[in-house]
Every structure is written in C-alpha cells, then in structure tokens.
Amino acid sequence: MSPRTRSWLKPLDRLLAVLGVLTALAAVAILADPLIALATSGHARLPYEFTIPADMLDGLRADEGVLRPGAEFSGDVGVTLAQPNAWQTLLGMVAAGLPPALLVAGILLLRHTIRLVLADGPFTAAVAARLRALGVLTVLGSLGSSVVSLAADVPFTNAVLASGFTLSWDVPVVPIACGIGVLVIAEIVAHGIGLREDLEGTV
C-alpha cells in the first residue's frame with residue numbers, strides 16, 4: 001500500500017473513533033432520558049416522535065408574520081405522547097435507540113476493516129469478510145430499523161388518532177443501495193484475491 005493511502009486512512013480511523021464515541025453517547029442518552037424523567041417526575045418521557053400529515057389536522061397554521069405572503073404551511077407534524085405507558089415507552093426506546101446502535105456497530109466494523117488494510121493490505125480474505133459483514137449489516141439493519149419504526153407507529157397513532165393507524169412505510173433506499181455497493185466491493189476484493197492466488201500458482 002502506498003504511503004499516501006496510509007496517510008489518509010489513519011486520520012479516517014481516528015475520526016471514526018470519535019464519531020463512534022459520540023454516537024454511543026447519543027444512544028445512551030436516548031435510552032436514559034425516559035428513565036431519568038420517570039425517576040424525577042413519575043412519568044416517562046417518550047424518546048420517539050412520529051409524524052402525522054398536516055392535512056389531517058384542521059386549523060393548523062403558522063403564526064402571523066412567520067411566512068412570507070403567498071407561502072402556505074404543509075408537510076408532516078411531529079407528535080409524541082406526554083404520558084406513555086410502559087409498553088409505549090419500551091417501543092419508543094427501541095425505535096429511537098436502534099439506528100444509533102446500528103451506526104456504532106457499522107463504525108466498529110469499518111474501523112476493524114481499515115486496521116486490517118493498514119496491517120496486511122486490501123486484498124486479504126479477512127478484509128473481504130469484514131466488507132461482507134458491513135454490507136449485510138447496512139442492508140438488513142436499515143430494513144430492520146425501518147420495520148421497527150413502522151411497528152412502533154401502530155400503537156402510538158392508535159393512541160393519538162381517532163381514525164387509527166394509516167400504513168406509511170418509507171423504504172430506506174439509500175442505505176440499502178450503499179450496503180449493496182459495499183457487498184459488490186467485497187466480491188471484487190475476493191475476486192482479486194483469487195486472481196492473485198492463481199497468478200502465484202502459475203509462477
């Protein structure tokens with residue numbers, strides 16, 4: 001590996017380490033906040049906010065002077081429960097804490113991959129295996145997180161809306177595409193390893 005490549009991989013590893021710590025602290029804060037609120041006020045604070053289309057709320061408007069003439073308010077409105085029960089709190093904690101937990105796991109995998117590349121070079125079976133694991137985590141993790149959020153929306157919207165839950169699933173297209181891209185790179189690395197072994201066998 002060229003010295004130039006090493007020079008930017010090492011700072012990237014350090015940057016990922018800082019990002020991983022910050023993300024882990026955010027995940028801990030998300031999970032601890034409802035418990036702290038429960039201990040201090042007697043009511044858990046829901047760490048999960050779900051959205052309701054603005055057109056479902058009559059009389060919703062912006063304060064006078066906020067929008068310029070000709071502009072109209074539209075979009076989604078974030079809603080949470082002031083006094084959720086234990087089940088709603090648990091669902092909210094899982095739905096809110098899963099994305100940062102998956103991000104921390106992805107950062108750890110990526111840092112391990114970088115260290116393997118720095119130590120042994122990019123074309124090793126270990127690097128290919130870590131890239132596969134990272135790709136699978138990205139694809140399945142993003143899908144799983146979106147399904148958990150969808151499942152968490154059901155009891156929340158049923159508790160807020162008289163009409164009950166309306167199915168609306170935002171498929172995480174970008175993370176899935178990124179995960180597939182990582183899997184493709186993993187197969188390219190594995191193919192390169194095979195070609196090198198074939199070349200060494202013929203020399």
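Note that the numbering runs from 1 along the sequence shown for the chain.
- The shortest heavy-atom contact between Val189 and Phe123 is O-CD2, 3.8 Å.
- Val104 and Leu109 sit in two unconnected hydrophobic clusters of ILVMFWY residues. Membership requires side-chain heavy atoms under 4.5 Å apart, directly or through other members.
- Ser142 and Ile176 get closest at one heavy-atom pair: OG-CG1, 3.7 Å.
- Val171 and Val174 fall into different hydrophobic clusters, where Ile, Leu, Val, Met, Phe, Trp and Tyr side chains are chained together by heavy-atom contacts under 4.5 Å.
- In the hydrophobic clustering of this structure, Leu108 does not group with Leu98; members are Ile, Leu, Val, Met, Phe, Trp, Tyr whose side-chain heavy atoms approach within less than 4.5 Å, directly or through other members.
- A single hydrophobic cluster is seen to contain both Leu110 and Trp8, as judged by linkage of ILVMFWY side chains at heavy-atom distances under 4.5 Å, directly or through other members.
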Could you list the donor-acceptor pairs under 3.5 angstrom formed between side-chain atoms of residues 11-32 and any protein atom two or more places apart in sequence or on another chain?
from, atom 1, to, atom 2, distance (Å)
Asp13, OD1, Arg111, NE, 2.9
Asp13, OD2, Arg111, NH2, 3.4
Thr23, OG1, Leu19, O, 2.7

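- The side-chain hydrogen bond (donor to acceptor under 3.5 Å, both in side chains) contacts involving residues 91-109 comprise nothing, where partners must be two or more places apart or lie in separate chains.
- With rounding to the nearest 0.5 angstrom, the CD1 atom of Ile188 is 11.0 Å from the CG atom of Leu183.
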Identify every side-chain donor-acceptor pair in residues 128-139 under 3.5 Å, counting partners at least two apart or on other chains, and give the distances.
from, atom 1, to, atom 2, distance (Å)
Arg130, NE, His112, ND1, 3.1
Arg132, NE, Glu187, OE2, 2.8
Thr138, OG1, Leu134, O, 2.8

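- Both Leu118 and Leu116 are members of a single hydrophobic cluster when ILVMFWY side chains are connected at heavy-atom separations under 4.5 Å.
- With Ser145 contributing its side chain and Gly141 its backbone, the two residues share no donor-acceptor pair below 3.5 Å.
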